[in-house]
Amino acid sequence: MKVLVVGAGFSGAVVARALALEGHEITVVDERRHVGGNCHTEPDEKSGIMVHIYGPHIFHTNNQAVWDYVNQFGRMMPYVNRVKARVGDQIYSLPINLHTINQVYQRAMSPDEAQAFLAEQGDSLIQTPRSFEEQALKFVGAKLYEMFFKGYTRKQWGVDGAQLPASILKRLPVRFVYDDNYFNHRFQGIPEAGYTDLISNILDCDRVTVRLGEKAEGRAQDFDHVVYSGPLDRYFQHDRGRLQYRTLSFEKFHHKGDFQGTAVMNYCDAHVPFTRISEHKYFAPWHTPDSDLSVCFREYSGHCGPQDIPFYPTRLLDDQKLLGEYVARANQEKNVTFLGRLGTYSYLDMDVTIERALETASAISANWKAGLAPPVFVHDP
Ligand SMILES: Cc1cc2nc3c(=O)[nH]c(=O)nc-3n(C[C@H](O)[C@H](O)[C@H](O)COP(=O)(O)OP(=O)(O)OC[C@H]3O[C@@H](n4cnc5c(N)ncnc54)[C@H](O)[C@@H]3O)c2cc1C
C-alpha cells in the first residue's frame, strides 16, 4: 500500500517505520524543516549546547518494550529530573517531599511526623474535591497550595485552580521521604545525541521517504491510506471551531558561566510572568562544548491563537463537546487513521506516544491482512 504519514514526530516516525517493515511504501510529510516534532533538539549556535527547542524533554517509562525500542535508535544516557522551585527569595525542592515540608515549616520532622502534620493542615471539611484547588486544600493545606500551586497554575493554565478539574493534582505527588526524583519510572534518560538524531534513525528505513517543509493538505488522493498525527480539528479546516490548547513561548538568553546551577527552576509566584527557566547544559552533562556560555530559556504559557503552536490540550468542558463532534465526523472518514497528541487531542508522554504508534501500525497491518479497512482511531481521543 502507498501510505502518507502526516507528521515526523515520534508518532509519525514510529508508524512509518513499522509499516515500511511490513513492505508498504511510506511518504512522511512535516511542515516543519526538521524531524522530531515537539521533541526536536539542535545545538545552540553560540554555545554548542544541545537545546530542546520546544521545551525540556526527559524520557521516562516503566515499559521495557518501549525502552528497548528507543535504545535501538540512540544511546540513552542516565538522567534524573530534579526540579527546584523559587518562591519569593527562597529555593525549595520539588515535587513536594520531606525536604520541602521541613524547609517550609522550618522543622526537622520524620516521615511519620510530616504525614500526620500535613493531614492536620488539610481542609477536612472538603469531602469530595470538585476542583484542583479543593483537592490541593484537602491534601496539602492552604500554605503549600498558595506557595507552590496557586500562582503557578494560574500562569500555566490561564485559569484559577478553582476552575480546573481535581484530577490535575494527581500529577504532582507529595512524598514523605527525601526522594526528589520528579518521575517514579524505572527507566529514565535523554538520548546522548538528542531526540532529533534518534527520530531520524527511526525514519532511516527502506521504503520511507521524508519530505520536510511541506504541508499534508491536498495530498491524500495520491495514497491508499493516510496516517494523520496533525491536529484533529485542522483536518476538518476547523469548520466547527477550534479545540483549545495552551501555547508556550520561550525567551532565550546566554549567560557566561553557570546561571542557576540546575536544569529546571520553577517560578511559582503569580507576579513573575514566566513559569520556569531551563538551563540546557544540564540536560546533556556528557557534552563538553568549548564555550563557557550557558544557554537558558524563560518559558511563558499563554492562550493558543490560530498562529501559535498548540502545546497542551486544555480539554475543558466546551472542548469535550467539540471534540465529540470532530470524532463523530472522523469516524465517517475512509482511508485515514488519527493518532498522537494532536490527532487524538490528548497529552501523551513520549513513551505512551511510541507504544500507541506501534499498536496503531499493528492494527492497520492486521486489518489489511484480513481484507478490512484500517481503524480510524486505535486509541480513543
Ligand atoms: C513543553 C513540553 C514538554 C514535554 N516534556 C516531556 C517529557 O519530559 N517527557 C515526555 O515523555 N513527554 C514530554 N512531552 C510530550 C511530548 O512532546 C509528546 O509525547 C510528543 O511530542 C508527541 O509526539 P507526536 O508525534 O504525537 O506529536 P508532535 O511531536 O507534535 O508531532 C506532530 C508533527 O506533525 C506536524 N504536522 C501537524 N500537522 C501537519 C500538517 N497538516 N502537515 C504537515 N505536518 C503537520 C507538526 O509540524 C509536528 O512536527 C512534553 C510536551 C511538551 C509540550
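If you read the sequence from its start, that first residue is 1, and numbering goes on from there. When a ligand or atom number is given, it counts from 1 through the structure's own listing order.
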Open item on the list: Applying side-chain hydrogen bond (donor to acceptor under 3.5 Å, both in side chains) to R130 and Q135, what does each step give before you reach the verdict?
Closed with: CA-CA 7 Å; R130 283 163 306 172; Q135 177 95 332; over 6 Å; no
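- A donor-acceptor contact closer than 3.5 angstrom links the side chains of Y282 and D258.
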Task: Audit row: R86, D89, salt bridge (Lys or Arg N to Asp or Glu O under 4.0 Å) steps and yes/no - done: CA-CA 7 Å; R86 181 164 177 154; D89 289 333; 3.4 Å; yes
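- Of the candidates Y347, Y345, F311, Y345 is the only one forming a ring-ring contact (aromatic ring centres under 6.0 Å, His included) with Y245.
- Between R234 and E31, at least one side-chain nitrogen of the basic residue sits less than 4.0 Å from a carboxylate oxygen of the acidic one, meeting the salt-bridge criterion.
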Open item on the list: Under the criterion side-chain hydrogen bond (donor to acceptor under 3.5 Å, both in side chains), I'd like the reasoning laid out for H379 against E359: C-alpha separation, chi angles, the key distance, then a yes or no.
Closed with: CA-CA 9 Å; H379 302 94; E359 287 168 0; 2.6 Å; yes
Under 3.5 Å, N/O to N/O: give me all the pairs between ligand 1 and the protein, one per line with atom names and distance.
unit_1   : atom_1 : unit_2 : atom_2 : d
ligand 1 : 5 (N)  : P56    : O      : 3.2
ligand 1 : 8 (O)  : I58    : N      : 2.8
ligand 1 : 8 (O)  : I58    : O      : 3.4
ligand 1 : 9 (N)  : I58    : O      : 2.8
ligand 1 : 11 (O) : M350   : N      : 2.7
ligand 1 : 12 (N) : D349   : OD1    : 3.3
ligand 1 : 12 (N) : M350   : N      : 3.4
ligand 1 : 14 (N) : H57    : NE2    : 3.4
ligand 1 : 14 (N) : Y347   : OH     : 3.2
ligand 1 : 17 (O) : H57    : NE2    : 2.7
ligand 1 : 19 (O) : L348   : O      : 2.5
ligand 1 : 19 (O) : M350   : N      : 3.4
ligand 1 : 19 (O) : T353   : OG1    : 3.1
ligand 1 : 25 (O) : F10    : N      : 3.3
ligand 1 : 25 (O) : S11    : N      : 3.0
ligand 1 : 25 (O) : S11    : OG     : 3.3
ligand 1 : 26 (O) : S11    : OG     : 2.7
ligand 1 : 26 (O) : R341   : N      : 3.2
ligand 1 : 29 (O) : N38    : N      : 2.9
ligand 1 : 30 (O) : R341   : NE     : 2.8
ligand 1 : 30 (O) : R341   : NH2    : 3.1
ligand 1 : 41 (N) : E217   : OE1    : 3.3
ligand 1 : 41 (N) : E217   : OE2    : 3.2
ligand 1 : 41 (N) : R234   : NE     : 3.3
ligand 1 : 41 (N) : R234   : NH2    : 3.0
ligand 1 : 42 (N) : A216   : N      : 3.0
ligand 1 : 44 (N) : E31    : N      : 3.1
ligand 1 : 47 (O) : D30    : OD1    : 2.8
ligand 1 : 49 (O) : D30    : OD1    : 3.3
ligand 1 : 49 (O) : D30    : OD2    : 2.7
ligand 1 : 49 (O) : R32    : NH1    : 3.4

